[in-house]
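I have placed the structure first, in the form of structure tokens, so that the comments after it can refer back to it.
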Amino acid sequence: MIVSKKKPIEDLSQLLKRYNSFFLIGCSECASLCSTGNEEAILNLKGWLEKEGKKVTGWFIAKTGCQILGTKREVSKYKDLIDESECILTLSCGSGTQTIVELFEDKPVIPTNDTLFIGNMRRFKEFEEKCRACGECFLAITGVCVVTLCPKSMLNGPCGGYKNGKCEVNPQRKCVWITAFSILESRGVVDSFYESLLGPKDWSKASSPRNYKAMEKGS
Ligand code: SF4
Ligand code: SF4
């Protein structure tokens, strides 16, 4: 999932100070799981805006904010309320916000969230970065993502700096290669790892902006 957090209220206040009326758009996918795009987040923002003397012309929660055609269809029902507003506030990740920018080119669109990373939810509302979308997944070989969880993205084993199993960059954390080797050991495949040592990584597969068209069914 894409992890997002609410912008600090002072920053948001600064961004929207020149506008007086707003339409709010949330997202029922990742942003709802992060509590940054669900109904509660929308109603809290609405309440705060109204307390600040601003007008909220309406709001809705997109089913999947990054799905451009679906969101276009959903949002068309709110055209009059959006026209009535000076500005749209998005409660989604950056992709969801850019859907709205694309659909309303002549209207100011302000994201109320900062988008952080691709992550997993460990406990309720606690997220960990797990994948940097590097374009060439090594998990079959390493078990855990050394590209993401090693601050140096070491591909061939630990760097020389790890000490007592801890990462030299962040001694609070275990060196991810210790975890990787314990997974390889428990699978009994350490030898085959040495045979298929990784790297150098082809970072051109991770260079932005990227496009991708999914294969036809069955291919
Ligand atoms: S190897 Fe690349 S694609 Fe696979 S989890 Fe790590 S960053 Fe993501
Ligand atoms: S100690 Fe381990 S996790 Fe930390 S930078 Fe070196 S290889 Fe990466």
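One-based numbering, in listed order, for ligands and for the atoms of each.
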Distance filter under 4.0 Å to [X] heavy atoms, resulting ligand 2 atoms:
X: Pro158; value: 7 (S)
X: Met154; value: 7 (S)
X: Val176; value: 3 (S)

Write out the residue and atom name of the closest protein heavy atom to [atom], then the distance separating them to 0.1 Å.
atom: atom 8 (Fe) of ligand 1; answer: Cys131 SG, 2.3 Å
atom: atom 1 (S) of ligand 1; answer: Phe138 N, 3.3 Å
atom: atom 7 (S) of ligand 1; answer: Arg132 N, 3.1 Å
atom: atom 2 (Fe) of ligand 1; answer: Cys134 SG, 2.3 Å
atom: atom 6 (Fe) of ligand 2; answer: Cys159 SG, 2.3 Å

Just by distance, do the side chain of [X] and the backbone of [Y] share a donor-acceptor pair under 3.5 Å?
X: Glu86; Y: Ser21; value: yes
X: Glu29; Y: Thr64; value: no
X: Thr115; Y: Cys93; value: no
X: Ser207; Y: Ser204; value: yes
X: Gln98; Y: Gly94; value: yes

If we number the atoms of ligand 1 from 1 as shown, the ones under 4.0 Å from a heavy atom of Ala133 are 7 (S), 8 (Fe)

Between Glu168 and ligand 2, which residue portion shows a heavy-atom distance shorter than 4.0 Å: side chain, backbone, both, or neither? backbone

Do any of the N, O or S atoms of Cys167 sit under 2.8 Å from atom 6 (Fe) of ligand 2?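 No - counting backbone and side chain alike, Cys167 has no N, O or S atom under 2.8 Å.
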
Is it the side chain, the backbone, both or neither of Thr148 that has a heavy atom closer than 4.0 Å to ligand 1? side chain

Donor on one side chain, acceptor on other, Ser4 and Thr36, under 3.5 Å: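 Looking only at side-chain atoms, Thr36 and Ser4 do form a donor-acceptor pair, the distance falling under 3.5 Å.
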
As an exercise, state the distance from NZ of Lys54 to OG of Ser85, rounded to the nearest 0.5 Å. 13.0 Å

Against ligand 2, does Gly161 come closer than 4.0 Å with any heavy atom? no

Please determine whether salt bridge (Lys or Arg N to Asp or Glu O under 4.0 Å) holds for the pair Glu84 and Lys55, giving the CA-CA distance in whole Å, both sets of side-chain angles, and the decisive distance to 0.1 Å. CA-CA 10 Å; Glu84 225 183 279; Lys55 183 178 174 191; 3.2 Å; yes

Nearest non-hydrogen contact to atom 4 (Fe) of ligand 1 from the set Cys137, Cys145, Ala140 belongs to Cys137

